[in-house]
Amino acid sequence: MTNANDVVIIGGGHNGLVCAAYLAKAGKKVTVLEAADQVGGAAATREFAPGFKASVAHLLYLLDKDISKQLDLEQHGLRIAKAGLNTIALAEDGNHITISAEGVDGGGLSSQDKAAYQEYRRFMSKFAGVIGGLHNKIPPRITYQRKDLIALGKTALNLRMMGREDMREFLRIAGINIYDILKENFDHPLLKGALSLDAVLGTNSGPRSNNSVFTALHRMSGNTGKAAGAVSIPAGGMGAVTEALAGAARKFGADIRTGSPVSEILMDGNAVAGVQLANGEQITAATVVSNADPKTTILELLGARHVEAEFAQKIGNIRAQGNAAKLHLALDGLPDFKGISQDQLGERLVIAPNVEYVERAFNHCKYGEYSSKPVAEITLPSIHDSSLVPPGKHVLSAIIQYAPRQLGMGWGAGKAAFLDSVMELLDSYAPGIREKVLTAELLTPEDIEHDFRMAGGHWHHGEMSLDQFLMLRPVPKSAQYKTPVDGLYFCGAGCHPGGGVMGSAGKNAASVVLAQ
Ligand SMILES: Cc1cc2nc3c(=O)[nH]c(=O)nc-3n(C[C@H](O)[C@H](O)[C@H](O)COP(=O)(O)OP(=O)(O)OC[C@H]3O[C@@H](n4cnc5c(N)ncnc54)[C@H](O)[C@@H]3O)c2cc1C
């Protein structure tokens with residue numbers, strides 16, 4: 001039995017670490033218990049073959065600049081290996097398109113499409129800014145209390161301040177699908193395909209699914225201080241971000257214990273009393289903050305018997321079916337992508353040749369099948385950071401969709417065949433890549449669920465959508481981070497403002513704990 005903790009945090013993912021750092025900075029005695037042998041959760045660098053390292057969450061585009069500054073992450077070793085990556089929409093014939101914050105080029109794009117892209121960036125960045133403005137705010141409750149009414153009023157005012165036309169457009173498109181919006185604005189199939197990918201990465205949806213505009217906006221909504229959606233690669237991989245966060249938390253006095261899975265949240269009457277580890281050790285604390293996803297926290301670690309049946313049911317109904325797989329390739333040398341120069345190889349490469357292709361790739365998963373022709377977001381981080389590989393070698397990191405958590409044939413039977421489809425796809429864009437592969441690691445949503453303890457293998461701990469947003473995330477009666485159980489709080493991606501390596505959920509949760 002260990003005593004004298006003010007706060008125990010279950011999980012040392014990036015949000016748990018941010019929460020720990022702010023609480024410790026405010027003088028609380030904090031212990032973080034992380035099940036894995038390293039901190040970071042999905043925001044980690046993983047040695048998947050001897051000498052070859054890859055980030056699980058591989059691109060930084062949401063990390064809150066105030067959090068970076070307040071926790072002095074640079075001082076704790078965070079460096080960016082490459083900032084402002086362009087996106088290159090790969091074409092099988094090598095006639096690709098380059099997409100950046102400034103404009104689009106290549107692929108025989110018309111001047112109309114180029115001009116339309118400028119306007120698309122303008123309104124999407126503006127709308128994403130409205131969502132980003134909510135990231136570091138505690139979602140208001142739907143009550144008649146003054147505080148909540150003022151917060152709701154401010155949100156409505158921010159919408160109105162967009163101007164009449166933009167506000168109307170925001171309300172028109174926020175809940176609908178990206179397919180229609182891209183069709184309204186562009187002609188070029190490859191451009192539409194690549195832009196649609198940003199709306200469905202990490203989600204259980206296709207371009208024609210409702211909410212896909214919202215997920216595209218979420219991706220662009222980071223308060224990063226850079227252009228909306230600007231993408232960078234941290235030196236040392238994403239694990240360097242979370243190691244810097246852990247360094248900050250430790251500096252303020254937090255105790256971080258890895259290899260310490262929590263098996264149970266302990267109760268004393270109606271209030272939490274601490275946690276029990278899998279090895280039987282009990283740690284007492286009047287406040288427990290969970291970085292684990294809401295389903296795991298309430299249904300597994302706490303036990304549904306400690307909450308009202310309706311609340312447990314709502315937690316059980318959170319939509320959190322993972323559909324993204326992660327590929328790591330250890331390569332003997334750089335691959336040759338058709339039409340891509342050496343300089344371009346270090347950019348963000350996407351395979352989404354047209355929006356119908358992306359929708360078809362999604363169709364499979366509705367029936368418990370993986371996509372036979374998947375979509376992909378590819379990076380070669382070792383081009384910018386040689387610390388990830390042995391001399392002369394390279395690593396390819398790719399998000400591959402669609403790979404449903406519930407595969408009809410089971411992932412035990414399906415994984416090798418899916419990997420084969422993925423390699424076939426890569427080979428059609430980078431002929432000969434197979435011969436350069438020394439080791440391949442494919443993480444299916446089942447692996448992600450197991451390795452990172454994310455229920456459903458969903459990388460945002462729950463679908464990012466309007467029905468699971470703001471005061472509805474994860475569910476009402478816990479959207480302000482405090483659960484109905486006295487002393488128990490959420491701080492992970494399952495609560496507002498959702499997934500991605502951002503840190504705001506952890507920071508907001510800390511402010512709620514401190515306000516008690
Ligand atoms: C394959 C993949 C690719 C992604 N790519 C990107 C990307 O490129 N860019 C981006 O911004 N985001 C990306 N994401 C999403 C992003 O990684 C997540 O949204 C984010 O990491 C969530 O952070 P978190 O701290 O809330 O939770 P997590 O990272 O899930 O951390 C939760 C932690 O809690 C621990 N835990 C759970 N249960 C227990 C227990 N019982 N006892 C102790 N510890 C426990 C887990 O081990 C884990 O370390 C990706 C995710 C995945 C899976």
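Just so you know, ligand 1 is whichever comes first in the structure, and atom 1 is the first atom listed for that ligand.
- The part of Phe452 lying near ligand 1 is the backbone, judged by heavy-atom distances below 4.0 Å.
- Of all atoms in ligand 1, numbered sequentially from 1 with element shown, those under 4.0 Å from a heavy atom of Leu33 are 43 (C), 44 (N).
- Side chains of Asn15 and Asn291: a donor-acceptor N/O pair is absent below 3.5 angstrom, by distance only.
- Those atoms of ligand 1 that come under 4.0 Å of a heavy atom in Ala292, given as number and element, are 37 (C), 38 (N).
- On a distance-only criterion, Glu34 and ligand 1 share at least one N/O pair closer than 3.5 Å.
- Looking at Ala42, Cys19, Gly16, Gly13 and measuring to atom 29 (O) of ligand 1, the nearest heavy atom belongs to Ala42.
- Against a heavy-atom cut-off of under 4.0 Å, Gly499 is close to the following atoms of ligand 1: 19 (O).
- Considering each of Arg453, Glu377, Arg348, the one bringing a non-hydrogen atom nearest atom 38 (N) of ligand 1 is Arg453.
- When ring centroids are compared, Phe490 and Tyr481 stay outside the 6.0 Å threshold.
- Between Ser260 and ligand 1, not a single N/O pair is under 3.5 Å apart.
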side-chain contact (heavy atoms from CB on, under 4.5 Å) evaluation trace for Asn323 with Thr203 | CA-CA 6 Å; Asn323 224 328; Thr203 73; over 6 Å; no
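- How far CZ of Arg79 is from CG of Asp385: 12.5 Å, rounded to the nearest 0.5 Å.
- Side-chain contact check for Lys28 versus Leu514: some heavy-atom pair is nearer than 4.5 Å.
- Where the criterion is an N or O separation shorter than 3.5 Å, residue side chain and backbone included, Ala57 fails it with respect to ligand 1.
- Near Gly41, meaning under 4.0 Å from any of its heavy atoms, are these atoms of ligand 1: 29 (O), 31 (O), 48 (C), 49 (O).
- Side chains of His458 and Glu449: a donor-acceptor N/O pair is absent below 3.5 angstrom, by distance only.
- The shortest N or O to N or O distance between Gly500 and ligand 1 is under 3.5 Å.
- Contact annotation for His14 and ligand 1: heavy atoms of both the backbone and the side chain come within less than 4.0 Å of the ligand.
- Residue-to-ligand polar distances place Ala35 within reach of ligand 1: an N/O pair is separated by less than 3.5 Å.
- Defined by atom type and a distance below 3.5 Å, a donor-acceptor pair is missing between the side-chain atoms of Ser387 and Lys53.
- Close approach of ligand 1 to Val56 is summarised as follows: ligand atoms under 4.0 Å from at least one heavy atom of the residue are 1 (C), 3 (C).
- At the shortest separation from atom 42 (N) of ligand 1 among protein heavy atoms lies Val262 N, 2.9 Å.
- The shortest N/O to N/O separation between Thr296 and ligand 1 does not fall below 3.5 Å.
- Classification of the His135-His496 ring pair by plane angle, with boundaries at 30° and 60°, yields perpendicular.
- Scanning both residues, Gly229 and Tyr61, for their nearest heavy atoms gives O-CB, 4.0 Å.
- Side-chain contact of Asn136 with Asp64: a donor-acceptor pair under 3.5 Å is present, judged by distance alone.
- Using a 4.0 Å cut-off between charged nitrogen and carboxylate oxygen, Glu74 and Lys65 do not count as a salt-bridge pair.
- Checked against a 6.0 Å centroid threshold, the rings of Phe418 and Tyr370 count as neighbours.
- Of all the heavy atoms in Ala254 and Ala24, the pair that sits closest is N-CB, 3.9 Å.
- Distances from ligand 1 to the non-hydrogen atoms of Pro261 include at least one value under 4.0 Å.
- The shortest heavy-atom distance from Leu301 to ligand 1 is under 4.0 Å.
- The environment of Gln344 atom CD is dense: over 12 non-hydrogen atoms of other residues, nucleotides or ligands sit within 6.0 angstrom.
- Residue-ligand proximity, Gly492 to ligand 1, at heavy-atom distances under 4.0 Å covers atoms 26 (O).
- For the ligand labelled ligand 1, residue His461 lies inside the 4.0 Å heavy-atom shell.
- The nearest protein atom to atom 50 (C) of ligand 1, hydrogens excluded, is given as Trp459 CE3, 2.4 Å; this is a heavy-atom distance.
- Look at Arg46 and Asp451 and you find a salt bridge, because one of the NZ, NE, NH1 or NH2 atoms lies within 4.0 Å of a carboxylate O, short of that distance.
- Among protein heavy atoms, the minimum distance from atom 25 (O) of ligand 1 is reached at Asn15 N, 3.0 Å.
- For ligand 1, the atoms lying closer than 4.0 Å to a non-hydrogen atom of Ala493 are 22 (C), 26 (O).
- Ranking protein heavy atoms by distance to atom 34 (O) of ligand 1, first place goes to Gly11 CA, 3.3 Å.
- At a cut-off of 3.5 Å, with distance as the only test, a side-chain donor of Gln282 or Gln276 sits close to an acceptor on the other residue.
- For atom 7 (C) of ligand 1, the closest non-hydrogen atom on the protein side is Leu59 O, 3.5 Å.
- Within ligand 1, the atoms closer than 4.0 Å to a non-hydrogen atom of Met454 are 30 (O), numbered from 1 in the order shown.
- Remark: minimum distance from atom 11 (O) of ligand 1 to any protein heavy atom is reached at Val501 N, 2.8 Å.
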